[in-house]
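Quick caveat: nothing in here was measured; it's all calculated off a predicted structure.
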Amino acid sequence: MAGPHPAVAAIRLAVRGALAGLPDGGVVLVACSGGADSLALAAALAFEGPRHGLRPGGVTVDHGLQPGSAEQASRVTAVLAELGLDPVHAVRVTVAQPGGTGRYPGPEAAARAARYAALDQIVPAPAAILLGHTLDDQAETVLLGLARGSGARALAGMAPVSGRYRRPLLGVRRAQTRAACAALALTPWEDPHNSDPGYARVRVRRALLPALEEQLGPGVAEALARTAGQLRADADVLDELAAAAAAELADGQPGLPAAALAVQPRAIRTRLLKAAALAAGAPAGALAHQHVTQMEALVTGWHGQRGVDLPGGIRCQRRYDRLIFAVAGPRTCAPGAIGELSGRD
């Protein structure tokens, strides 16, 4: 008897690995937009889930950003149910407007934040949520990070496992998900945003990556994804060292001691400063390298300068040899300035 199409088999194998170790009887949801990547992932979960003693389900998030988005969400839930997934959820979210407050740097970040917030609030909480990011998505993430001058953590790309989120397809090409859908007679939804050159990721996908492969030969996407994995391992170690340093610096006082920060290696010091700003309320999506550099200058280049204004209405100042993180309004100091250090997304 002939086996499944090679693309179907590859995706099922990837899902099989992602499900390993999950508790018997647990609910595993696939986050599905209806596109080829998440649709192929949903079909693989429907096949593999019961074979691992798991209850496979699905969820689609309606961002409300396009006409007919509610109808599209309804179509997706119908397809998920036809695949045998149960439970199936459709969640409508409100996407914050980027800009103005500095909370989100662009519409993609705002939509992503709304999407994850909705997934985090699903009740009852599933054992895991599978996301359909592919090797191509990982390569695009690395290129975007390089173009923006991002650090090692951003260049490390997306993690295969982040808490209850799992990304089984990071070793699978986008062409394979399309082939799997065709083999299974599934019709993917073509998101018009994915062909809009106004988005940097679309330009990377449609122009930059093909140009690199034309000039350098095939295998560029795989090499970029491999680089992300190597940088992730390095960044994880640095985050662990920074967490240990944060524990040593914690003295029950507001802010961070400048003298103790000054003697830390720069890779650790910048992580401590970023964690402190985030703990004080600065939005992660808007806190940039320039903000961290300006905070660092209060430690390593102190000459009485004024403080640093951070996104989210947070201000970092040096007072009595401590870096204090203040918020606008009646409050004067945000507690827990060191906060929790974890780079695993």
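The side-chain hydrogen bond (donor to acceptor under 3.5 Å, both in side chains) search around Arg148 returns none, not counting sequence neighbours. The side-chain hydrogen bond (donor to acceptor under 3.5 Å, both in side chains) search around Gln230 returns none, not counting sequence neighbours. Checked against side-chain hydrogen bond (donor to acceptor under 3.5 Å, both in side chains), Arg322 has the following partners two or more places apart in sequence or in another chain: Asp251. Residues passing the side-chain hydrogen bond (donor to acceptor under 3.5 Å, both in side chains) test with Gln176: none are found, sequence neighbours excluded. Judged as a ring pair (Phe, Tyr, Trp, His ring centres under 6.0 Å), and not counting sequence neighbours, Phe47 has no contacts.
At distances below 3.5 Å, at least one donor-acceptor pair connects side-chain atoms of Thr60 with backbone N or O atoms of Cys32. No side-chain donor-acceptor contact under 3.5 Å links Ser150 to the backbone of Leu146.
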For residues 123-130, dump all side-chain donor-acceptor pairs below 3.5 Å to protein atoms at least two apart in sequence or in another chain.
none

Donor-acceptor pairs are to be reported for all side-chain atoms of residues 274-283 against protein atoms at under 3.5 Å, with residues two or more places apart or in another chain.
none

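In the hydrophobic cluster analysis, where Ile, Leu, Val, Met, Phe, Trp and Tyr join through side-chain heavy atoms closer than 4.5 angstrom, Val59 is grouped apart from Trp189.
Note on residues 212-223: pairs passing salt bridge (charged side-chain N to carboxylate O under 4.0 Å, His left out), not counting sequence neighbours, are Arg173-Glu222. Listed by first then second residue, pairs satisfying ring pair (Phe, Tyr, Trp, His ring centres under 6.0 Å) with a partner in residues 112-145 read Tyr116-Tyr165, not counting sequence neighbours. Evaluation of the salt bridge (charged side-chain N to carboxylate O under 4.0 Å, His left out) test over residues 10-24, restricted to residues two or more places apart or in two chains, returns Arg16-Glu48. Within the structure, ring pair (Phe, Tyr, Trp, His ring centres under 6.0 Å) contacts touching residues 2-46 (residues at least two apart or in different chains) do not occur. The salt bridge (charged side-chain N to carboxylate O under 4.0 Å, His left out) contacts involving residues 279-298 comprise Arg266-Glu296, Arg269-Glu296, where partners must be two or more places apart or lie in separate chains.
Between Arg115 and Asp62, none of the side-chain N atoms (NZ, or NE/NH1/NH2) sits under 4.0 Å from a carboxylate O, so this pair counts as no salt bridge.
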